[in-house]
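Report on the following structure.
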Amino acid sequence: MTASASIDDLLAKLNPQQREAATFGDGPLLIVAGAGTGKTATLVHRVAWLIARGVDPSRILLLTFTRRAAAEMLHRADGLLQQLHHRGTTRVWSGTYHAVASRLLRRHAKAIGLPPEFTVHDRTDSEDLLNVVRTELELAKTDKRFPKKGTCMSIYSRCVNARQKLERVLTESFPWCREWAEELKRLFDAFVDRKEAAGVLDYDDLLLYWDALLADPEVGPEVRKQFDCVLVDEYQDTNALQADILFKLSPDGKGVTAVGDDAQSIYAFRAATVRNILDFPKHYANAAIVTLEQNYRSTQPILEATNQVIAQAKERFTKNLWSQRSDGGRPVLVHAEDEADQAEFVVRHVLEHREAGVDLRRQAVLFRASHHSILLEAELARANIPFQKFGGLKFVETAHVKDLMAYLRLAENPRDVVSGMRILPLLPGIGPGKAQQLMLTLQQSGGDFSCWNQWRPPTGAAELWPKFVALLQGLTRTSEELPAQLHRVRKFYAPLMETKYDHVEPRLRDLEQLELIASRYRNRRQMLLEITLDPPNSTQDLAGDPVLDDDYLVLSTIHSAKGLEWDVVYVIHAADGNIPSDMATKHPQEIEEELRLFYVALTRAKNHLYVCYPLRYYQSRFGDQHSYAQRTRFLPNHLLACFEQQVTDPRQADPDDDESAGPTSSTTSRSIRRKAKDLWNGI
DNA sequence: CTGTTGAAATTTTTT
DNA sequence: ATTTCAACAG
């Protein structure tokens, strides 16, 4: 490493398109970056280039999809800047839209009449509050069923994030709820009032308030002037509201860089719209577009397959990815007998690749829905293969962790009704009714917990009540260190938890873990905020540095695999109904999104790609009731030429099965019966 | 008003 | 399999 590299030395490592993008002038600039084309490297160089050119780091805003992505990019940009002996990126504003919104809103809270101590609700908290309102309005008290809280929340969220009228959202996305339009309006009105009264913002509010902040004639210009450059990663997965925010940050597009790949837009269910990236050139009349097409990730045979898969999409920026890596064979399409057979195939090949020198952590199994990996997880455990699962329910979203956090949150913000309604009914003899009364009393006393000392608890809670009130009063004294606070809460809560839930042991460990890592946070508010805005995947993830020599296989939903890559990738359950999901085949555009999702999964692979699907799905664990699976419609016949086809070996009979003692051939009485049943059950 | 039980409906992806 | 709601006993 030379002591005095020049910026040109660093840029020399980029290809011409990447370099053009990295060193482009004021913008607006759209970088259309196909999968594996060095998008991150380009963005990293652009940040470094801007700073090296003299842009003040604190006047750069970098918006990414996860905080981890932001941290990694800034780290890499720092590496480049160090070589130039240039100051680093510490003062760059970075993070997700939501995280940046919370920082900006905290700073400008007073100007728009927002209490600076506002707390942030995650999706389930918000649903709970919506449910409180729903019960109060007695909307469920009709002969026809009112949509449940999750559905109501989705409708509300879509209105806000897609900036669409309720009627339109109902017609286009929730046609079965159309008859409830009037009730939903009342519900949402009351819901908004309740959030205001509680001093909370939810995910939707963070964006809504940021947008409003920018629209404000007083504060808006101030916030806008704060940034010279705004870079947005994964632009294909932003929604209309986020596009509005970007537009308000820089109406003429000066300093704006958007990076994305329309072919990888997979968050429409969260109101993201591929229109943001497709219409970027229309939105900013003078926009320049740089397209990155050279793929550095995958072998040419894999790319040929993925190119053909995405060629089935209707509207997109046409890219034809190519690679210089002509090594390697075609991807493999694996026909497995059933789910167990599929799991067995994956286990065997994972081990084979490890034998061949590919660490577990350089291999990944990808699937559409979190529960698709359950059987595989059992097989992996049996084969002693360590794995880490990404996506699905995160550990901070589990009931016991949410309970624990609710104590802290209520102390932080006594107006937070959801937290109160969560922890009060944990006490024996206190249900929703009394909890609501108590929260009302608390509001009237201005959030002073001592008002609860006057209350006469029911006999069941007589002993615990004074301790409970004392606990919350203690937590209000901010002098206490955070780990100590968590310790007090845990001591009080753990016994309650044990009576309330099963699987007590692992839950207790989670609570201990949480206490251990509490010292990493600056303060209580910071901990609550970070945990809701960037929920860690596991306690281990929370703890920060996983042990280096820890080798584990990656299991991940396709959504959580975004932006990542592995040497060996197994896509499992590539059967119609799973990919595309049965739940997303109503609308043609939903199917398009599922196609892109499949494309994202395939393009994660560097050297080896296996696409597996089981021929049969059993309805229950016992008996032979099963249905037939169809290969995913995204691999029609004309595409099969890109794949090598493989049928798994007949699975060896499970030693627990009584058949194993008898016949040794692969034909067993059971398999014959199965086949016979196909005659009338099959399609 | 709480806590339990049973029946009925719904079943993905996540900041 | 999980969540929601109504019915009922304490």
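Since the structure is predicted, the reported quantities are computational estimates derived from the model, not experimental observations. Proteins get letters first, then strands, A, B, ... in listed order; numbering begins at 1 in each.
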What is the distance, rounded to the nearest whole Å, between atom CG of Leu393(A) and atom P of dT11(B)? 17 Å
So what does Arg134(A) hit on the nucleic acid, given a heavy-atom distance under 4.0 Å: a base, only sugar-phosphate, or nothing? sugar-phosphate
Look at Ser560(A) and dT14(B) and indicate whether a side-chain polar atom (N or O) is within less than 4.0 Å of OP1 or OP2. yes
Remember a base hit wins even if backbone is also touched, and classify Pro425(A) as base, sugar-phosphate or nothing at under 4.0 Å, heavy atoms. nothing
Of dT15(B), dT4(C), dT13(B), the nucleotide closest to the side chain of Arg123(A) is dT15(B)
Taking atom C1' in both dT13(B) and dT4(C), what distance in whole Å separates the two? 23 Å
Under 4.0 angstrom, heavy atoms only, what part of the nucleic acid is Gly391(A) near: base, sugar-phosphate, or nothing? sugar-phosphate
Considering every strand and a 4.0 Å limit on heavy-atom distances, what is the contact class for Ile430(A): base, sugar-phosphate, or nothing? sugar-phosphate
Is there aromatic stacking of Phe269(A) on dT12(B) here, judged by a ring-centre distance under 5.5 Å and a plane angle under 30°? no
If I take atom CG in residue Leu438(A) and atom C1' in nucleotide dC1(B), what distance separates them, rounded to the nearest angstrom? 13 Å
Could you check Tyr203(A) against Ala435(A) and say which one's nearest nucleotide on DNA chain B is further toward the 5' end? Ala435(A)
Using atom NE2 of His573(A) as one end and atom C1' of dT13(B) as the other, report the distance to the nearest whole Å. 16 Å
Whole angstrom is fine here: how far is it from NZ in Lys149(A) over to C1' in dT4(C)? 9 Å
Could you work out which one of dT15(B), dT2(B), dT13(B) sits closest to the side chain of Ser370(A)? dT13(B)
Rounded distance in Å - CD (Glu127(A)) to C1' (dT3(C)): 12 Å
Is the NZ or CZ atom of Arg134(A) both under 6.0 Å from the centre of the six-membered ring of Phe146(A) and within 45° of that ring's axis? no
Gly392(A) near the nucleic acid: base, sugar-phosphate alone, or nothing, with a heavy-atom cut-off under 4.0 Å? sugar-phosphate
Is Arg103(A) positioned over the aromatic face of Trp93(A), cation under 6.0 angstrom from the ring centre and no more than 45 degrees off axis? yes
Which part of the nucleic acid, if any, lies within contact of Tyr267(A), taking any heavy atom under 4.0 Å across all strands shown: a base, the sugar-phosphate backbone alone, or nothing? sugar-phosphate
Which nucleotide sits closest to the side chain of Thr96(A): dT4(C), dT15(B), dT12(B)? dT15(B)
Looking at Thr557(A), does any N or O in its side chain come under 4.0 Å of the phosphate oxygens OP1/OP2 on dT14(B)? yes
Check whether any side-chain nitrogen or oxygen of Arg368(A) sits under 4.0 Å from OP1 or OP2 of dT11(B), and answer yes or no. no
Scan Pro458(A) against the nucleic acid and name what it touches under 4.0 Å (heavy atoms): base, sugar-phosphate only, or nothing. nothing
Give the nucleotide from the list dT15(B), dT10(B), dT12(B) with an atom nearest to the side chain of Met583(A). dT12(B)
With the side chain defined as heavy atoms from C-beta on, Ala369(A) is closest, among dT12(B), dT15(B), dC1(B), to dT12(B)
Looking at Asp125(A) and Arg409(A), is there a salt bridge between them, counting it only when a charged N and a carboxylate O are closer than 4.0 Å? yes
Between CG of Asp128(A) and C1' of dT4(C) the distance, given in whole Å, is 13 Å
Whole-Å distance between dT14(B) P and Asp534(A) CG? 14 Å
Pairwise 5' ranking along DNA chain B for Gly431(A) and Glu397(A), keeping only the more 5' one: Gly431(A)
Any Lys/Arg nitrogen of Lys149(A) or Asp128(A) sitting under 4.0 Å from an Asp/Glu carboxylate oxygen of the other? yes
Do Lys39(A) and Glu234(A) meet the salt-bridge criterion of a basic N to acidic O distance under 4.0 Å? yes
Aromatic ring centroids of Tyr599(A) and Phe634(A) under 6.0 Å? no
Spacing of Lys394(A) atom NZ relative to dT15(B) atom P, expressed in whole Å: 4 Å
Closer than 4.0 angstrom, basic N to acidic O: yes or no for Lys248(A) and Asp211(A)? yes
